[in-house]
Amino acid sequence: MIDLRNLREHTEVVSSQLRNRGVPKVTVDELLATDVQLREAIAARDEARARVNDLSREVGRLSKQGEVGAAAEVRERSRQLGASLKGMEAAVAQLAERRDAIWLVLPNIPAHDAPIGEDESANRVVRYWSPGGGHQDPGDFTLPAFTSYQQVPHWEIGANLAILDLERAGKISGSMFAMYRGQGARLLRALTNFALAAHADAYEEIRPPTLVRRETMMATGHLPKFADEAYAVERDGLYAIPTAEVPLTSLGRDEIFAEADLPLRFTAYTSCFRREAGAAGRDTRGLLRLHEFDKVELLVYCVPSDATAMHFDILSRAERLIQRLGLIYRVLDLCTGDLGQSSARTFDLEVYSPGTGKWLEVSSVSWFSDYQARRANIRYRPSSGGGPEFVNTLNGSALAWPRIFATLLEVGHQEDGTVHLPPDLATYFGAATLESQKIRA
RNA sequence: GGAGGGAUGGCAGAGCGGACGAAUGCGAAGCACUUGAAAUGCUUUGGGCCCAAAGCCCCGUGGGUUCGAAUCCCACUCCCUCCGCCA
């Protein structure tokens, strides 16, 4: 959540920044009003408590001195005061609940340099990259020509090679689930090894649990607001993670790190589970949108002053992977209206899929400032002294596999039906070409 | 799943109804002594609310009893041991 003290002290600024994200002024006003009432209620309660504490001590003192009558009289006064305390405590609890109901769903304050806009149409394309042209400004970029076989959608290529079996995935789990077979399954494993190896220089590899508690989902902001997006195992109160960001952020929950130990950098390969409740029927062919998919994630805790550098480090790592895979991509700077709830600034990476004619998001690299750290209570002790401060958290996918897998099939598709793999990946895969294989039965 | 035991500050560990935010030891920081270090001595050393002070809150979490709860009661969570089951 956002810093309430900052909101109190710079109401106008914060309020207008939030308005850029579509938060109406009345919501902010209500939060502030509730906050004032809550703090007044707390002050009144604490004062009453202080008096009860005083009287109680008095009872103890008198009892010890054997002044039974006086003790009984003070005890009675304290009892009455205690009764009125109950009401004050209830008032505090009620106001705190009302404040939290707003506070917890309020989005993060966007970064100053995030483009302002209402929806995805206002996202700014920062640059393009292609194997032939390298980095290019948006004005200079044109898509290269693709052969006719490159324009075959991946689901056809995958079915022909028998490395993708979406029909049977449907039988097993329903639509929007995928099954990779033979060389397809192996290619996925190669991609994962390829990515983990690329980050091993600076990021500790983690294999976290993928079913997590409610608090863990709260910490990243995935609950309470986005409950419809998550798969829940109700009987056990657990949720299937939508991204490794969730467990990795809670790894440091309620901890205080030494500044010297920062930055902490983690990478994890996990399955990710998403109900896609709001996206039913959109772009769901083939591997475009799945309920379960694999992803390698990068996550960083750092001091605020390092956050921007870390943001660009994650971004460049994700870009570097796509470059090594030889895919065309573009970098988007998400506008204020399109940012995820917890994010202050996000870059999306989209690869071009010639088989579907679409740009596909394969990575989202976000800076959360202290929004998640405040929720998750992740702090560091400044080496200059002073009390603990919240860390900044950042993360990025590097990368999400299904859309990469799809694009690799299309881009590498040859006239004879085989698929050529980029050399860097071939090393991990153990062969340079995907060839038709026979599915048993 | 069954039966027991436990959860206290960075760590270890006391306290089991009245000045306890908490003894003691270790660790860490500062100062003194020392050419330097060790040893020794003294001092400091949790977090939060609050502009701050005063005050309040936190002894796994949430309730309850009481004038008063780290201490008593209830529920939950987690950890350990044994049995069962299982990859």
Side-chain angles (χ1 to χ4, degrees), chain A residues 1-11 14 31-32 34-100 103-104 207-219 223 233-239 247 250-262 264 271 370 373-391:
Chain A
M1 47 283 226
I2 65 164
D3 183 358
L4 280 187
R5 192 179 300 181
N6 184 36
L7 175 63
R8 272 177 224 139
E9 287 168 5
H10 306 101
T11 305
V14 174
L31 177 59
L32 279 169
T34 310
D35 176 56
V36 169
Q37 289 173 43
L38 173 62
R39 282 182 300 134
E40 281 169 1
I42 287 172
R45 180 203 61 187
D46 285 355
E47 200 178 312
R49 275 219 271 243
R51 275 184 292 158
V52 170
N53 288 346
D54 277 347
L55 291 174
S56 296
R57 278 189 277 265
E58 185 71 4
V59 171
R61 198 178 57 78
L62 290 169
S63 302
K64 211 169 266 175
Q65 291 170 358
E67 303 191 31
V68 179
E73 193 261 330
V74 176
R75 180 183 298 135
E76 177 57 20
R77 272 205 287 151
S78 180
R79 198 187 60 73
Q80 283 171 11
L81 212 69
S84 64
L85 227 181
K86 289 272 195 291
M88 295 182 187
E89 280 168 349
V92 167
Q94 206 184 341
L95 284 164
E97 201 174 305
R98 200 194 301 169
R99 181 198 61 180
D100 292 350
W103 195 17
L104 283 172
R207 180 35 259 229
T210 45
L211 289 181
V212 300
R213 304 157 150 273
R214 190 182 164 73
E215 303 90 280
T216 303
M217 291 285 278
M218 290 283 279
L223 285 178
V233 186
E234 279 182 36
R235 190 161 112 162
D236 300 292
L238 294 170
Y239 294 82
S250 277
L251 188 151
R253 196 168 76 215
D254 294 320
E255 296 200 32
I256 302 175
F257 298 99
E259 181 174 344
D261 291 339
L262 300 178
L264 288 170
S271 290
D370 60 3
R374 183 169 283 108
R375 277 178 174 254
N377 196 28
I378 308 167
R379 293 174 293 171
Y380 71 98
R381 215 177 286 285
S383 25
S384 57
E389 308 271 1
F390 290 112
V391 303

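So you know, we letter chains A, B, ... as the sequences are listed, proteins then strands, and number each from 1. Atom set for the values below is all heavy atoms of this structure, side chains included, hydrogens, waters and symmetry mates excluded.
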Non-hydrogen atoms of Arg213(A) and Leu238(A) that approach each other most closely
N-CD2, 3.9 Å
Specify the separation, in whole Å, of atom CG of Asp236(A) and atom C1' of G1(B).
14 Å
Keeping Arg214(A) on the side-chain end and Gly237(A) on the backbone end, is there a donor-acceptor pair under 3.5 Å?
no
What is the nucleic acid contact for Arg381(A), judged by heavy atoms within less than 4.0 Å: base, sugar-phosphate only, or nothing?
sugar-phosphate
Glu259(A) has an atom CD; how far is it from atom C1' of A29(B), in whole Å?
17 Å
C1' gap between C83(B) and C76(B), integer Å
25 Å
Between CG of Leu55(A) and CD of Glu76(A), what distance do you get to the nearest 0.5 Å?
11.5 Å
Assuming nearest nucleotide by heavy-atom distance, tell me which of Ala50(A) and Arg8(A) is located more 5' along RNA chain B.
Arg8(A)
Between G60(B) and U77(B), how far is it from one C1' atom to the other, in whole Å?
8 Å
Round to the nearest Å and state the distance from Glu255(A) atom CD to G9(B) atom P.
14 Å
Rounded to whole angstroms, how far apart are CD on Glu9(A) and P on C50(B)?
10 Å
When you compare A70(B) with C59(B), how far apart are their C1' atoms, in angstrom units rounded to a whole number?
5 Å
Using whole Å, what does the distance between atom P of nucleotide C50(B) and atom CG of Asp35(A) come to?
8 Å
Flag, side chain of Arg374(A) to backbone of Met1(A), donor-acceptor distance under 3.5 Å:
yes
Output the single nucleotide from U77(B), C50(B), G55(B) whose closest atom is nearest the side chain of Asp46(A).
G55(B)
Arg253(A) atom CZ is separated from G47(B) atom C1', nearest whole Å, by 17 Å
Taking a pair as Watson-Crick or G-U wobble with both distances under 3.5 Å, which nucleotide is matched to C72(B)?
G64(B)
Same-atom distance (P) from A53(B) to G17(B), integer angstrom:
35 Å
Base, sugar-phosphate, or nothing for Arg51(A), non-hydrogen atoms under 4.0 angstrom?
nothing
Side-chain donor or acceptor of Ser250(A) paired with backbone N/O of Pro247(A) under 3.5 Å
no
Return the residues of residues 52-80 of chain A meeting this criterion: a heavy atom under 4.0 Å from some atom of RNA chain B. Order them by number, or give none.
Asn53(A), Ser56(A), Arg57(A), Val59(A), Gly60(A), Arg61(A), Arg75(A), Ser78(A), Arg79(A)
Rounded to whole angstrom, note down the P distance from U24(B) over to A14(B).
15 Å
Applying salt bridge (Lys or Arg N to Asp or Glu O under 4.0 Å) to Arg379(A) and not counting sequence neighbours gives none
Taking only the C1' atom of each, what is the distance from C16(B) to U40(B) in whole angstrom?
38 Å
Tightest non-hydrogen contact, residues Leu38(A) and Ala96(A), listed as CD1-N, 3.7 Å
Identify, between Arg5(A) and Gly387(A), the residue whose nearest nucleotide on RNA chain B lies closer to the 5' end.
Gly387(A)
Same-atom distance (P) from G63(B) to A12(B), integer angstrom:
28 Å
Taking atom P in both U71(B) and A19(B), compute the distance separating them and give it to the nearest angstrom.
14 Å
Any strand: nucleotide that pairs with A28(B) via Watson-Crick or wobble, under 3.5 Å
U44(B)
When both hydrogen-bonding distances must be under 3.5 Å and the geometry is Watson-Crick or G-U wobble, what is C85(B) paired with, if anything?
none
Non-neighbouring partners of Arg51(A) that pass salt bridge (Lys or Arg N to Asp or Glu O under 4.0 Å), sequence neighbours left out:
none
Whole Å only: how far is the CG atom of Leu85(A) from the P atom of C67(B)?
13 Å
Given G48(B), C56(B), C51(B), identify the nucleotide with an atom nearest to the side chain of Pro388(A).
G48(B)
Is there a Watson-Crick or G-U wobble partner for C33(B) with both distances under 3.5 Å, and if so, which one is it?
none
My understanding is that a pair needs two contacts under 3.5 Å, Watson-Crick or G-U wobble. By that rule, which nucleotide pairs with G4(B)?
C80(B)
Base partner of A23(B), which must satisfy Watson-Crick or wobble distances under 3.5 Å:
none
Smallest separation among heavy atoms of Thr34(A) and Arg99(A), with atom names
CG2-N, 3.7 Å
Rounded distance (Å) that lies between atom C1' of U77(B) and atom CZ of Arg213(A)
6 Å
